[in-house]
Protein chains: 2
Amino acid sequence: MMRHRVTIEDVARAAGVSRQTVSRVINNKGEISPPTLERVMDAIQRLGYRPSWVARGLATQRTRTLGLVVPDITNPFFPEVARGVQDAARAKDYHVFLYNTDESAEREHQILYSLASQPVDGILLFGSRIADAELLAFAEYYRPLVVLNRPIIHPGVGVVLVDNLAGARLAVEHFVRRGHRHIGMLAGPPASPSSIQRVEGFCCALAEYQLPFQESYIVPGPPTLEGGRVIAEQLLCRHPELTALFAYNDMMALGAVQTCMALGYRVPEQRAVIGFDDIWIAALTHPALTTIRVNKYDIGYRAARCLLTILEDAAQSPPAVEIGVELVIRESA
Amino acid sequence: MMRHRVTIEDVARAAGVSRQTVSRVINNKGEISPPTLERVMDAIQRLGYRPSWVARGLATQRTRTLGLVVPDITNPFFPEVARGVQDAARAKDYHVFLYNTDESAEREHQILYSLASQPVDGILLFGSRIADAELLAFAEYYRPLVVLNRPIIHPGVGVVLVDNLAGARLAVEHFVRRGHRHIGMLAGPPASPSSIQRVEGFCCALAEYQLPFQESYIVPGPPTLEGGRVIAEQLLCRHPELTALFAYNDMMALGAVQTCMALGYRVPEQRAVIGFDDIWIAALTHPALTTIRVNKYDIGYRAARCLLTILEDAAQSPPAVEIGVELVIRESA
DNA sequence: TTGAAAGCGTTACCAA
DNA sequence: TTGGTAACGCTTTCAA
């Protein structure tokens, strides 16, 4: 059986000093005479003492803990983001909790407020699906928070923005260069801000190049392989004139490619497809996917850095973190 | 600014009862008269009171928190595992911390002992790379722990075992059925128990079918696409007689397929490849990968269930969780 | 340079 | 059914 946890008290007794002195030693705070230091260190060593995170948390009101909220860690976009967060957190000796919302606004709400009951010093919210007003209300209620792709302006709230507009434009321009004029779009979840932004960028670019457009050239759907398949089929059957498809993300793009091939079109000769994100699989499929690359690790890393900055410098609200995008030309377009 | 956190004290005062009573209400413990209950509930509501996880943790010595340790969440094997863990944890209202060891025994050691300083009630250790003795020492030192693919027998330590031996045998049998006799293996990291087990199963099956064998038919390497490429090239160049390759995991298998094709072999006609794990990408590559499927979500889910059982029933050491495998025949073999 | 005492927000134990 | 008091393990503040 585990014997009584060794506490600061035990160490103090063993070293013949007060708890206070031990506390000073483990926190490198205040001056301590070498002999005392040595005795304390020795006692800590001997007893295998490890300060309790929880007790310390209660005393300081800080747990050195971050909450990372994503739609689904199984979505290939997020592991890299998470990794970036963890690396940044670890460098500052923070721990990170992980939560999945499953794209459900209700679940997200629930997680957010449960997080408020303390375990974390700050929250990273990626792929948020709750309404602006609700997010704002939460930001009001809660402590440090960093959100992805939601242009919220609020003290103590950090913002990470992916240049979705530029990305969509890049895709359209590439299609145009390849001689396409009729371009359809597989949009993502209607509640997803990044989908909304990509659609907007798409529309702008279309207008700019004076390309033909109908409302039904854009169809929303779940951001999955299956979603891509279904939407692409709808698009292609209803609009045979479409020769190019721009997808909200790579998974949908992959589904779209599959549908094209199933329908007997050669890709990219007869139907071209461009995705978004450049998840690692994009380079390995056949045909390899042309896509808009987003540095996912960077999103996580820089978002976490931003959060840590806010945490250490309470007053400051750092400027928005901007994440650039880039066109990666492979085979599908 | 956030005003003073509302505490149980505030609620008690507002409801005109003692803290104790409030505590009873939020924990559904003990009998409480309806009118009191109502007043307390009302006060909680009005004040927006949320019990502090940390204070509760200090008082109960339980944080309802799990630590999940994996080599790298970016490795496509682990997101699903993590998801399983999280779903199981969430069902019991536990939170989960995530850590990456980067396949480094030293880093793993560090994380494990840092976890011991409290934040978690129990640990899930997947893809461990530390030595048996060290793991045992830690199990001795530490609280509830569940490990993957390490046949550790120790009270309070749960074990999840993937049937790697059977998996390797399945692969070899399939090769044999397809007429292959000279089979090479791309082994994983030498320190990985699951790699060791897969190699062992491979050797046994080879012997059983009296297939030709040389030590150099098995070459270890990093469990990545690149690792697979390099090892496959070594194997194929040194042993042109090999017509079939069994890989430690799907990433290596994918690399092996690439090398085969780069070397001018057709897959599966001239060189066949079988992977392990059945990560989701395996079905999407060209050729699609024949592989040994492991239910990754299940690993996480059942491991977490096992840990929670130990936590709730301290004495009990549940039986090992066994995870079956299955051959998935696609195109690469 | 060191120590004593109070406090962080909750639960546990024992009375009332 | 309810309340008082003492933990839980640490840091902070103030003295010595």
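Since the structure is predicted, the reported quantities are computational estimates derived from the model, not experimental observations. Just so it is clear: chains get the letters A, B, ... in the order the sequence lines come, proteins before strands, and each one is counted from 1.
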Rounded to whole Å, how long is the line connecting atom CG of B/N28 with atom C1' of C/dT11? 15 Å
Rounded to whole angstroms, how far apart are CD on A/Q20 and P on C/dT2? 11 Å
Aromatic ring pairing B/Y113/B/Y141, orientation class (parallel under 30°, perpendicular over 60°, tilted between): tilted
Measuring to OP1 and OP2 of D/dG9, would you say a side-chain N or O of A/S52 lies under 4.0 angstrom away? no
Residue whose nearest DNA chain D nucleotide is more 5′ - B/T60 or B/T36: B/T36
Can you say whether the rings of B/F97 and B/Y99 are parallel (under 30°), tilted (30 to 60°) or perpendicular (over 60°)? tilted
Side-chain donor-acceptor pair present, B/R129, B/T101, cut-off under 3.5 Å: no
When rounded to whole Å, the NZ to C1' distance for the pair A/K29 and D/dT12 reads 8 Å
Any side-chain to backbone donor/acceptor pair from A/D72 onto A/D102? Under 3.5 Å, distance only. no
Please state whether the phosphate of D/dG9, meaning OP1 or OP2, lies under 4.0 angstrom from any side-chain nitrogen or oxygen of A/R56. no
Rounded off to whole Å, could you give me the CD1-to-C1' distance for the A/I44 and D/dC10 pair? 13 Å
Using whole Å, report how far CZ of B/R39 lies from P of D/dT2. 8 Å
Do A/D121 and A/T63 have side-chain N/O donor and acceptor atoms under 3.5 Å apart? yes
Can you say whether a donor on the side chain of A/R24 sits under 3.5 Å from an acceptor on the base of C/dG3, or the other way round? yes
Would you kindly give the CG-to-C1' distance between A/L58 and D/dG9, to the nearest whole Å? 9 Å
Could you state the CG-P distance from B/L47 to C/dG9, rounded to the nearest angstrom? 14 Å
Please pick, from C/dG3, C/dT2, D/dC10, the nucleotide with the shortest atom-to-atom distance to any side-chain atom of A/I8. D/dC10
Closest nucleotide among D/dC10, C/dT11, D/dG3 to the A/T7 side chain: D/dC10
Can you measure B/W53 atom CH2 to C/dG9 atom P for me and round it to whole angstrom units? 17 Å
By nearest heavy atom, map B/L37 and B/A59 onto DNA chain D; which one lands nearer the 5' end? B/L37
From C/dT1, D/dT11, D/dG3, nucleotide with atom closest to B/T21 side chain: D/dG3
Which nucleotide in D/dG9, C/dT11, D/dT12 has an atom nearest any side-chain atom of B/S23: C/dT11
